[in-house]
Amino acid sequence: MSIIYDEKQKTITLHTKNTTYQMQIDRYGFLLHLYYGKYAEGCMDYLLTYYDRGFSGNPYDAGNDKTYSMDSLPQEFPSLGTGDYRTPACIIKNPDRTYCSDFRYESHTIKDGKYSLPGLPAVYADDKEAQTLEVVLVDRVTNVKAVLLYGVLPEYDVITRSVRIVNASGGHVSVKKLAPACLDLVGGEYDFITFYGRHAMERNCQRMPVGHGVAKIGSLRGTSSHQYNPAIILAEHDATEDAGGCYAMAFVYSGGFQSEAGMDQYSQTRVLMGFSEEQFAYPLKAGEEFQSPEVMMTYSPDGLAHLSQNFHRCIRTHLCRGKYKETVRPILLNSWEASYFDFTGESLLKLAEQAAELGIEMFVMDDGWFGKRDSDLRGLGDWKVNEEKLGCTLGELISKINAMGLKFGIWIEPEMVNEDSDLYREHPDWAFVIPGRRPNRSRHQLVLDFSRKEVVDYIYDQICGVLDQGNVEYVKWDMNRSLADIYSATADSQGRVLHDYVLGLYDFLERLVNRYPNILIEGCSGGGGRFDAGMLYYTPQIWCSDNTDPIDRLEIQYGTSFIYPSSCVGAHVSASPNHQTMRVTSMKTRGMVAMAGTFGYELNLNELSKEDKDEIRRQIAEYKKYAALIQRGQYYRLTNPQTDNQGAWEFVSEDQKEALVQVVGIKKHANMTVDYIKVKGLKENTMYRDTESGRLYNSTALMEAGVPKPVLEGEYQAFQWHFVCEE
Ligand code: GLA
């Protein structure tokens with residue numbers, strides 16, 4: 001039993017293998033948060049301290065007891081209007097136009113299995129792997145209910161949270177703010193770790209102390225965004241990769257979001273994760289319900305590596321779905337950086353021939369194959385194959401590519417429309433434009449109103465019409481701008497449109513996944529602009545960044561690794577000098593960095609030297625040798641490429657018998673010092689052989705003293721060790 005209700009103490013305890021989460025229904029029916037941390041049994045309400053705190057209100061039921069105040073008590077689902085003046089998890093506009101919600105416990109149920117969320121992505125598990133707790137809270141005046149859902153996956157040390165607002169008030173209400181996850185910690189001091197960035201430089205890691213005043217990150221872009229990733233870590237000040245308590249939250253959602261962290265007047269920490277408040281006001285008529293997406297949470301008492309590994313395992317095996325979730329992905333060649341819009345059927349076939357010759361397994365035709373799409377000025381929305389450009393039908397092109405022994409993949413961007421397209425000329429009202437205003441353009445395109453079913457249905461039919469023309473085995477789903485000018489002609493309230501858009505997107509993806517179970521879908525949004533746990537439910541890999549420079553990628557992939565597994569990280573070898581930075585690096589270095597994700601190539605192979613082609617053949621053979629370890633192994637960050645001389649990381653097999661350590665030099669000086677890379681996760685005091693050199697090493701020494709990185713000539717040199725246990 002992972003969920004235990006103690007009738008006497010009125011506690012509900014959620015146990016995972018290594019962690020415990022506890023709440024209590026207190027004497028007035030408030031649902032208090034007691035504990036989230038290392039596995040512990042018993043009642044933790046001794047953590048609560050009651051005394052007369054100045055200027056903190058008391059609920060009426062407490063009578064003359066001035067020691068009881070929601071302003072200082074830790075809560076599961078704080079709302080506005082109970083005397084808690086901290087930032088709330090929920091604000092509801094009531095039928096009487098007030099904003100007060102006083103949620104009290106009504107009932108709870110415990111069930112085997114993990115709840116699912118209709119129309120939304122969610123962690124899944126069978127009845128033996130998970131339990132669900134449902135706690136019904138009610139505002140006794142309005143009758144609006146908040147149904148809190150907790151999914152507990154003991155083996156993964158993961159707890160999920162979602163909330164359903166039920167409007168049993170008899171009138172209209174509007175959900176103004178909703179954060180399905182709240183974590184109130186009465187003691188301790190923490191750092192707020194967030195992942196900020198920009199197009200082509202996503203998920204940089206920032207660590208700052210939680211202080212007085214609320215620090216907030218989020219996205220107003222209608223997507224999860226390049227600028228802030230919808231995932232955070234709260235770590236004790238001294239927590240490192242290997243020690244210290246830390247919590248992580250990841251929003252399983254691909255739209256706007258916000259996460260807030262701050263200390264209250266008593267230096268207690270509150271962290272929230274949920275919808276972005278701006279542009280959100282979800283109307284509920286009498287009897288209607290609103291189901292929030294969920295937040296995944298995990299806790300590690302032993303530092304950040306373990307924390308990331310908890311999420312990696314759970315995301316890989318219980319969020320990603322389909323045929324490819326556990327399979328090693330095909331090594332692909334993508335045509336984008338090889339020829340951008342400038343190709344013909346013939347040039348693609350020439351590229352494919354070379355790819356097949358080198359041992360690449362799949363050819364992906366990127367943007368430019370449809371409508372009048374010879375530049376980014378036009379064509380989006382017209383999902384008709386440009387047979388003139390290809391010199392044949394799509395079916396013929398695919399057959400020719402298949403005949404070379406290659407799988408075939410294709411790029412699409414279903415959510416978008418160019419003003420210069422037949423679709424826009426026919427249905428201008430299908431794009432987000434506010435009547436009477438001129439829309440914001442971005443990459444010359446507008447966003448289709450996917451909150452409207454007829455728009456989703458139409459584009460879905462068009463896309464299926466393309467995919468049905470041949471043996472398509474991979475789709476790259478792109479999305480190349482942020483949403484703006486939010487106005488939907490058919491919506492009863494504009495405050496619901498952004499969320500309904502995301503539901504429309506999920507509906508499309510769900511249909512696609514079901515209709516084409518053998519197609520591998522890779523998500524993309526100008527690279528990693530929608531790299532979130534929500535998308536991973538539909539697309540088990542996401543193009544990590546439009547930046548393919550291996551040295552920049554060290555930082556991007558480092559930041560990404562805190563939350564997301566390598567099996568999700570789209571990474572390709574591209575040309576040198578690199579197209580985004582003009583940096584020159586060796587084929588070996590580019591290969592090593594790309595191998596730390598779903599491996600592929602994205603360059604004109606026909607322009608390469610014989611040496612580079614030989615290196616590619618060697619790389620492909622090597623990747624195949626290590627791919628299963630990379631995809632399923634435990635991931636360790638060995639350095640911080642934002643500050644260290646090297647980028648270094650490691651994959652360790654679950655049985656600890658094998659480890660691959662990869663290092664890429666970043667800083668180079670004359671008369672260079674030697675860097676020692678401390679290996680992690682091996683069995684203690686056991687001999688391991690490096691299969692690359694044949695040399696034997698003691699594992700404890702490898703982990704304590706490290707292994708010296710050879711001082712190699714030249715910049716950005718790559719080096720690796722493959723340790724195999726000798727036992
Ligand atoms: C985005 C993607 C790229 C490429 C182009 C095509 O920028 O991130 O990989 O597909 O669009 O237009």
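When a residue number appears, it is its place in the shown sequence, counting from 1. None of these values were measured; they are calculated from a predicted model.
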Chemist: Pairing donors with acceptors under 3.5 angstrom, does anything connect the side chains of Gln291 and Ser162?
Modeler: yes
Chemist: Indicate yes or no: at least one non-hydrogen side-chain atom of His579 is less than 4.5 angstrom from one of Leu603.
Modeler: no
Chemist: Roughly how far apart are Ile217 CD1 and Ser259 OG, rounded to 0.5 Å?
Modeler: 5.0 Å
Chemist: Give a yes-or-no answer on whether the side chains of Thr539 and Glu522 include a donor-acceptor pair shorter than 3.5 Å.
Modeler: no
Chemist: Sequence neighbours left out, cut at 3.5 Å: what donor-acceptor pairs do the side chains of residues 385-393 make with other protein atoms?
Modeler:
unit_1	atom_1	unit_2	atom_2	d
Asn386	OD1	Glu388	N	3.3
Asn386	OD1	Lys389	N	3.0
Asn386	ND2	Gly371	O	3.3
Lys389	NZ	Phe341	O	2.9
Lys389	NZ	Gly368	O	2.8
Lys389	NZ	Asp374	OD1	2.7
Thr393	OG1	Glu396	N	3.0
Thr393	OG1	Glu396	OE1	3.4

Chemist: Please check if any side-chain donor atom of Arg329 sits under 3.5 Å from a side-chain acceptor atom of Gln541, or the reverse.
Modeler: yes
Chemist: Verify the distance criterion only: is there a donor paired with an acceptor across the side chains of Trp411 and Asp478 at less than 3.5 Å?
Modeler: yes
Chemist: So, taking the atom named CE in Met479 and the one named CZ in Arg530, what distance separates them when rounded to the nearest 0.5 Å?
Modeler: 5.0 Å
Chemist: Give me the one residue out of Asp457, Asp507, Asp429 that meets salt bridge (Lys or Arg N to Asp or Glu O under 4.0 Å) with Arg452.
Modeler: Asp429
Chemist: Using only heavy-atom distances, determine whether the side chains of Asp500 and Ser451 contain a donor-acceptor pair under 3.5 Å.
Modeler: no
Chemist: State plainly whether the residues Arg378 and Glu419 are in salt-bridge range, i.e. N to O under 4.0 Å.
Modeler: no
Chemist: Taking atom types as modelled and ignoring hydrogens, do the side chains of Thr560 and Arg203 form a donor-acceptor contact shorter than 3.5 angstrom?
Modeler: yes
Chemist: Using the side chain to side chain donor-acceptor pair (under 3.5 Å) rule, take Arg221 and Ser482 through it: C-alpha gap first, then chi angles, then the decisive distance, then the call.
Modeler: CA-CA 5 Å; Arg221 295 167 181 270; Ser482 307; 3.0 Å; yes
Chemist: More than 12 heavy atoms of other residues, nucleotides or ligands under 6.0 Å from CZ of Arg617: is that the case?
Modeler: yes
Chemist: Considering only NZ, NE, NH1 and NH2 on the basic side and carboxylate oxygens on the acidic side, decide whether Asp549 and Arg553 come within less than 4.0 Å.
Modeler: no
Chemist: Answer yes or no: is there an ion pair linking Glu346 with Lys400, defined by an N-O contact shorter than 4.0 Å?
Modeler: no
Chemist: Hydrogens and angles aside, do Asp532 and Tyr537 bring a side-chain donor and acceptor to less than 3.5 Å of each other?
Modeler: no
Chemist: Between Asp382 and Lys372, is the closest basic N to carboxylate O distance under 4.0 Å?
Modeler: no
Chemist: Side chains of Thr548 and Gln580 only: does a donor on one sit below 3.5 Å from an acceptor on the other?
Modeler: yes
Chemist: I'd like to know if Glu361 and Lys624 make a salt bridge, using a cut-off of under 4.0 Å between side-chain N and carboxylate O.
Modeler: yes
Chemist: Can a side-chain donor-acceptor contact be found between Trp543 and Asp546 if the only test is distance below 3.5 angstrom?
Modeler: yes
Chemist: Is a donor from one side chain sitting under 3.5 angstrom from an acceptor on the other, for Trp477 and Glu415?
Modeler: yes
Chemist: State which residue, out of Arg443, His444, Gln445, Arg373, fulfils the side chain to side chain donor-acceptor pair (under 3.5 Å) condition with Asn418.
Modeler: Arg373
Chemist: Establish, from distance only, whether the side-chain atoms of Tyr228 and Glu202 form a donor-acceptor pair under 3.5 Å.
Modeler: no
Chemist: Check this for me: does any side-chain nitrogen of one of Arg437 and Asp485 sit under 4.0 Å from a carboxylate oxygen of the other?
Modeler: no
Chemist: I need the minimum non-hydrogen distance between Ser488 and Val497, along with the two atoms involved.
Modeler: CB-CG2, 3.7 Å
Chemist: Any carboxylate oxygen within less than 4.0 angstrom of a Lys/Arg side-chain nitrogen, looking at Glu294 and Lys114?
Modeler: yes
Chemist: Rounded to the nearest 0.5 Å, what's the gap from OG on Ser219 to CG on Asn229? Could you check?
Modeler: 10.5 Å
